[in-house]
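Every chain is numbered from 1 and lettered A, B, ... according to where its sequence line falls, protein lines coming before strand lines.
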Amino acid sequence: MIEVIFFGQLTDATGVSSIMVEEVANTDMLINLMKMRYPSLASSTYMVAVNNTMVTENAIIRPGSKVAFMPPFSGG
Amino acid sequence: MIEVIFFGQLTDATGVSSIMVEEVANTDMLINLMKMRYPSLASSTYMVAVNNTMVTENAIIRPGSKVAFMPPFSGG
Amino acid sequence: MDTNKIKNIFTEGPVEASFIADSIAKHATKTSIGGHSIFLGQVRADMMDDKQVQAIEYTSHVEMALETMSIIREDIFAKYELTCMHVHHSLGVIKAGEICLFVFTSSKHRKAAIDACSECVERIKAELPVWGKEIFEGEGYQWKINH
Amino acid sequence: MDTNKIKNIFTEGPVEASFIADSIAKHATKTSIGGHSIFLGQVRADMMDDKQVQAIEYTSHVEMALETMSIIREDIFAKYELTCMHVHHSLGVIKAGEICLFVFTSSKHRKAAIDACSECVERIKAELPVWGKEIFEGEGYQWKINH
């Protein structure tokens, strides 16, 4: 399983902060899956991190990974 | 009379922090007078302020003025 | 990443002035310090149209934020001659007028402390996965945007 | 110079952490503030040859310093969008580890507060007629030099 977590305004789009999904091979596939499940994600701005490391291109997701969908940061 | 005040390391050179002197016409004359009275002033670095205003050239000193001899600042 | 090195920076609720005072007072024994620089972020009661912000609720991807902060800390210690650096960021609901960020750098000479503090604040705002939800008086909210 | 505008910045003895905390806490009602920048100068126990500084004794041409500070304040308010600025400088004997300078600026956005604070500190060090006498452990002293 893969843990997918959503933050900030993305939780408005998804209605959840964390879900478990069946294994998917890579981040491109996971992103497509999430956009199908939560259509309003498509119009959102976000970055993706796998196991706390930001990914900018398609990246492999190993089983047991934690994948974060994060909107622009607004701390401080 | 004119009040002449010394600060910081200049008080080591003069041994006093404040003296009253008879009227002198301008700062050049006062500086010469002070150097005669306190010879180690000649080897000191200082700025002169008349009534809290820094003077960089020879300036008139009116009776009742306060003239400050000040070494480089070291606050903070 | 050596997790032993990872310090927590998050505290639930606002940073209190008394906490800041204690933090300052603790440095009195470090007599090689000549200058401290402190930045405090305070929640503003901004008006948006006719609604006023009464609080910001902060959430974070904590684990990732702490790893990122650990890297920022290493970078800043490598770049500036600092004696120490402390960072505290609030989570949860912080009311307008309360302090939500406390960055504190100390060094022998002022320039390193001042430059390191300001760089640390910029990096925290740009790089830490933290989000602010601006809660309006009455009802409604909007998501904070950093500039 | 309108003497009504001249604020005192000098306090006899060190700036206490509790005073800094009170000063911060007083700003909680100013909910247009988004960022505070604070600089603290602390007396260092420097070694000179084999002598250690145990304290600095500060003196000032107070009247002239306050007039100069008043001009610096006006310049900085004209240059930066500040909500407020507070400056406290110690006079008398300040021991190593104690705070001798407290500069505190606040503004809506952090950049004005940070830049104003740093500029204010530089101008205080360069322009205020204040002198520090570094008193050594045991006996002896030397006059402080600002860099």
Side-chain angles (χ1 to χ4, degrees), chain C residues 14-47 52-56 83 95-111 113-115 117-119 121-122 124-125 144 146-147, chain D residues 14-47 52-56 83 95-111 113-115 117-119 121-122 124-125 144 146-147:
Chain C
V15 178
E16 302 291 351
S18 57
F19 178 85
I20 298 165
D22 288 348
S23 204
I24 293 166
K26 276 183 192 155
H27 290 73
T29 53
K30 297 191 178 179
T31 56
S32 66
I33 293 173
H36 305 285
S37 184
I38 292 173
F39 178 81
L40 303 173
Q42 182 167 305
V43 173
R44 284 199 314 268
D46 279 352
M47 287 297 292
Q52 188 165 34
V53 173
Q54 67 167 342
I56 296 181
T83 312
K95 292 199 279 284
E98 292 183 329
I99 308 284
C100 58
L101 175 62
F102 171 31
V103 178
F104 184 12
T105 55
S106 310
S107 63
K108 186 170 183 193
H109 298 292
R110 67 188 178 282
K111 195 165 162 36
I114 291 170
D115 292 349
C117 185
S118 146
E119 185 166 325
V121 171
E122 294 309 315
I124 285 168
K125 296 209 169 224
K144 181 171 179 273
N146 275 4
H147 297 287
Chain D
V15 179
E16 303 290 350
S18 58
F19 178 85
I20 298 165
D22 288 349
S23 203
I24 293 167
K26 276 182 192 156
H27 291 74
T29 54
K30 297 191 177 178
T31 57
S32 67
I33 293 173
H36 304 286
S37 184
I38 292 173
F39 178 81
L40 303 174
Q42 182 168 304
V43 173
R44 283 199 314 268
D46 280 353
M47 287 296 293
Q52 189 166 33
V53 173
Q54 67 165 344
I56 296 180
T83 312
K95 292 199 280 283
E98 292 183 327
I99 308 284
C100 57
L101 174 62
F102 171 31
V103 178
F104 184 12
T105 54
S106 310
S107 63
K108 187 170 183 195
H109 299 291
R110 67 188 179 282
K111 196 167 161 33
I114 290 171
D115 292 350
C117 185
S118 146
E119 185 166 323
V121 170
E122 295 310 315
I124 284 169
K125 295 208 170 227
K144 182 170 178 274
N146 276 4
H147 296 285

Should we say atom NZ of C/Lys95 is surrounded by more than 12 heavy atoms from elsewhere, each under 6.0 Å from it?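 It does not: C/Lys95 NZ has 12 such atoms or fewer within range.
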Look at D/Asp22, D/Ile114, D/Val53 and state which one has the largest set of heavy-atom pairs under 4.5 Å with chain C.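 When all of D/Asp22, D/Ile114, D/Val53 are compared, D/Ile114 has the most.
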Using a cut-off of under 4.5 Å for heavy-atom pairs, which of D/Gly34, D/Gly35, D/Ser32 has the most such pairs with chain C?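 The option with the most such pairs is D/Gly34.
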Value rounded to 0.5 Å, distance of CD1 in C/Ile20 from NE2 in D/His36: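 Taking CD1 in C/Ile20 and NE2 in D/His36, the distance rounds to 8.0 Å.
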D/Ile33 versus chain C, the contacting section by heavy-atom distance below 4.5 Å: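 When you check distances to chain C, atoms from both the backbone and side chain of D/Ile33 fall under 4.5 Å.
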Which of residues 37-46 of chain C have a heavy atom under 4.5 Å from any heavy atom of chain D?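 Listed by number, the contacting residues are C/Ser37, C/Ile38, C/Phe39, C/Leu40, C/Gly41, C/Gln42, C/Val43, C/Arg44, C/Ala45, C/Asp46.
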Residues in residues 101-111 of chain C near chain D [non-hydrogen atoms, under 4.5 Å]: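 Checking residues 101-111 of chain C against chain D gives C/Lys108, C/His109, C/Arg110.
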Nearest heavy-atom neighbours spanning D/Ala25 and C/Ala17: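 Of all heavy-atom pairs spanning D/Ala25 and C/Ala17, the closest is CB-CB, 4.1 Å.
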